[in-house]
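Just below is one structure, and these are the notes that go with it.
Remember, predicted model here, so these are calculated numbers, not experimental data. The figures here come from the full heavy-atom set of this structure, side chains too, leaving out hydrogens, waters and symmetry mates.
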Amino acid sequence: MLSSKLQRQFLLSIFSKQSRNGGRNYATTKRFYKRADIVQNENKWEVTLDHRRLKTPNGLVFNVNTEGLARAIAAEWDAQHDDISQPSMHLTALCNTALDNPGKLNKHDIAIHLLEYIATDTVLFFSDEEEELKLLQEEKWGPVLEWFEKRFNIKQEVSRDFQPPPVTTETKAVLARHFLSYDFPALNAMNFGIEALKSPILMLACVDRFLQPKEAVMLARLEEEYQLQRWGRVPWAHELNQVELTSRVAASLLIIQNSTELHTEKAKKKAEES
């Protein structure tokens, strides 16, 4: 069994590869199809490229549980130009990872990783040197932390130095139950969004629709934006990074929300039939 530290490093390596190329190198691949479509196969939806089934890197038939998600993935493939830019295809990469599961992980593995992440959450570290920055953090992060505590009925301390704040056993238990309420593809997507934001709290706020992805990215980059306003920015570079992070969070949310809606529909149907 991997130690907690090694397990986290292993997870990070998997999701880092996933964010770059979805487990497959398309960097120099020319677009080889004219059109992407979807087709229903029993209770699953598949994506086709010129009527040929899309496959995962491990050769499995690529399929998802909802028509809406399948259409979004087909649109992702249709949006490619002369070259296939795999790093921009976050939905495809997330679904590939969920289907192939290259790390042979389960929901508990990811939940443990996310619980360990809480103590290093970006919005729990307030400046102890720059008063202006600290006031900005209190103004912008304060409402999110208030939402977090109220939403999960917990109390969470923040750090005023470089030491991680304590996370109580009760808080971990509450969040563990919440994380494990999602299926594997949704939890895999949540991890991807959390890695982009460096913040489980901001990602949870997005899932609950307390924040929009763009708002969460700005809050995750609050200190960086503060420093950029003081020292200047490289033209376009920071804006491009912001757009990329926002697209990652949005892709994660789409998968999570599709999964949640699917389970809600199943529960409703089961209740109606009983």
Side-chain angles (χ1 to χ4, degrees), residues 1-19 90-91 93-98 100-125 141 144-145 147-159 163-211 213 216-217 219-221 245-246 248-260 263:
M1 185 73 176
L2 291 174
S3 70
S4 295
K5 184 175 181 181
L6 287 176
Q7 186 181 60
R8 180 171 181 179
Q9 290 174 340
F10 182 55
L11 279 159
L12 285 172
S13 69
I14 290 173
F15 289 110
S16 174
K17 291 176 182 177
Q18 166 187 284
S19 68
H90 302 310
L91 292 173
L94 283 167
C95 292
N96 276 337
T97 301
D100 282 346
N101 193 8
K104 306 304 178 187
L105 306 173
N106 57 41
K107 292 203 305 181
H108 286 82
D109 294 325
I110 301 179
I112 290 170
H113 168 62
L114 298 184
L115 290 174
E116 291 179 347
Y117 211 133
I118 296 291
T120 64
D121 194 301
T122 296
V123 301
L124 296 182
F125 288 82
W141 291 349
V144 180
L145 293 175
W147 166 85
F148 178 62
E149 291 182 326
K150 184 177 180 180
R151 169 65 176 80
F152 294 101
N153 193 27
I154 58 175
K155 290 293 181 182
Q156 178 57 56
E157 294 182 34
V158 299
S159 175
Q163 293 299 316
V167 180
T168 67
T169 302
E170 179 186 359
T171 294
K172 289 182 178 180
V174 169
L175 293 177
R177 287 193 294 271
H178 182 74
F179 289 139
L180 291 172
S181 70
Y182 295 93
D183 61 18
F184 183 81
L187 204 53
N188 169 61
M190 188 176 296
N191 181 83
F192 186 66
I194 287 171
E195 295 290 354
L197 294 169
K198 302 295 185 288
S199 171
I201 295 174
L202 289 177
M203 188 63 198
L204 287 169
C206 286
V207 172
D208 245 37
R209 302 186 182 181
F210 180 77
L211 293 174
V217 168
L219 291 173
R221 291 163 49 92
L245 291 179
T246 302
R248 292 187 184 196
V249 175
S252 301
L253 287 172
L254 181 59
I255 289 177
I256 294 167
Q257 289 167 2
N258 268 271
S259 174
T260 302
H263 287 295

Rounded to the nearest 0.5 Å, the CD1 atom of I201 sits from the OG1 atom of T122 at a distance of 9.5 Å
As an exercise, state the distance from CG of L204 to CD1 of I194, rounded to the nearest 0.5 Å.
6.0 Å
Are the side chain of K150 and the backbone N or O of W147 linked by a donor-acceptor pair below 3.5 Å?
no
Taking I118's backbone N and O only, do any of them form a donor-acceptor pair with D121's side chain (distance below 3.5 Å, no angle check)?
no
Go through it in stages, so that I can follow the logic: the residues are L245 and R221, the test is side-chain contact (heavy atoms from CB on, under 4.5 Å), and I'd like the CA-CA distance, side-chain angles, deciding distance and then a yes or no.
CA-CA 10 Å; L245 291 179; R221 291 163 49 92; 4.0 Å; yes
Working to the nearest 0.5 angstrom, can you tell me the gap between R209 CZ and Q257 CD?
4.0 Å
Sequence neighbours left out, cut at 3.5 Å: what donor-acceptor pairs do the side chains of residues 166-173 make with other protein atoms?
{"from": "T168", "atom 1": "OG1", "to": "T171", "atom 2": "N", "distance (Å)": "3.0"}
{"from": "T168", "atom 1": "OG1", "to": "T171", "atom 2": "OG1", "distance (Å)": "2.9"}

Results of side-chain contact (heavy atoms from CB on, under 4.5 Å) for A186 - residues two or more places apart only:
Y182, D183, I256, S259
Least distance between heavy atoms, L253 atom then M203 atom
CD2-CE, 3.8 Å
What one should report as the nearest heavy-atom pair of L180 and A111 is CD2-CB, 3.9 Å
side-chain contact (heavy atoms from CB on, under 4.5 Å) with P165: which residues, sequence neighbours excluded?
L124, F125, Q156, S159
Could you state the interatomic distance from CD1 (I110) to NE2 (H108), rounded to the nearest 0.5 Å?
11.5 Å
Plane angle bin for F152 and H178 - parallel if under 30°, tilted between 30 and 60°, otherwise perpendicular:
perpendicular
Minimum heavy-atom distance between G193 and S252, given as atom pair plus value:
N-OG, 3.2 Å
May I ask you to test the V174-N153 pair for a side-chain heavy-atom distance under 4.5 Å?
no
Which atom pair, heavy atoms only, marks the closest approach of F179 to L115?
CE1-CD2, 4.0 Å
Could you measure the distance from the CG atom of L114 to the CG atom of L187? Nearest 0.5 Å is fine.
5.5 Å
Apply salt bridge (charged side-chain N to carboxylate O under 4.0 Å, His left out) to R151 and list each qualifying residue two or more places apart in sequence or on a separate chain.
D208
Begin from the C-alpha positions of N191 and E195 and carry the test side-chain contact (heavy atoms from CB on, under 4.5 Å) through to its verdict.
CA-CA 6 Å; N191 181 83; E195 295 290 354; 3.8 Å; yes
Measure the spacing between CG of N188 and CD1 of I255 and express it to the nearest 0.5 Å.
7.5 Å
Go through the structure and list residues passing side-chain contact (heavy atoms from CB on, under 4.5 Å) with D100, not counting sequence neighbours.
T56, P57, N58, L60, P102
Please report the closest heavy-atom contact between P213 and V249, naming both atoms and the distance.
CB-CG1, 3.9 Å
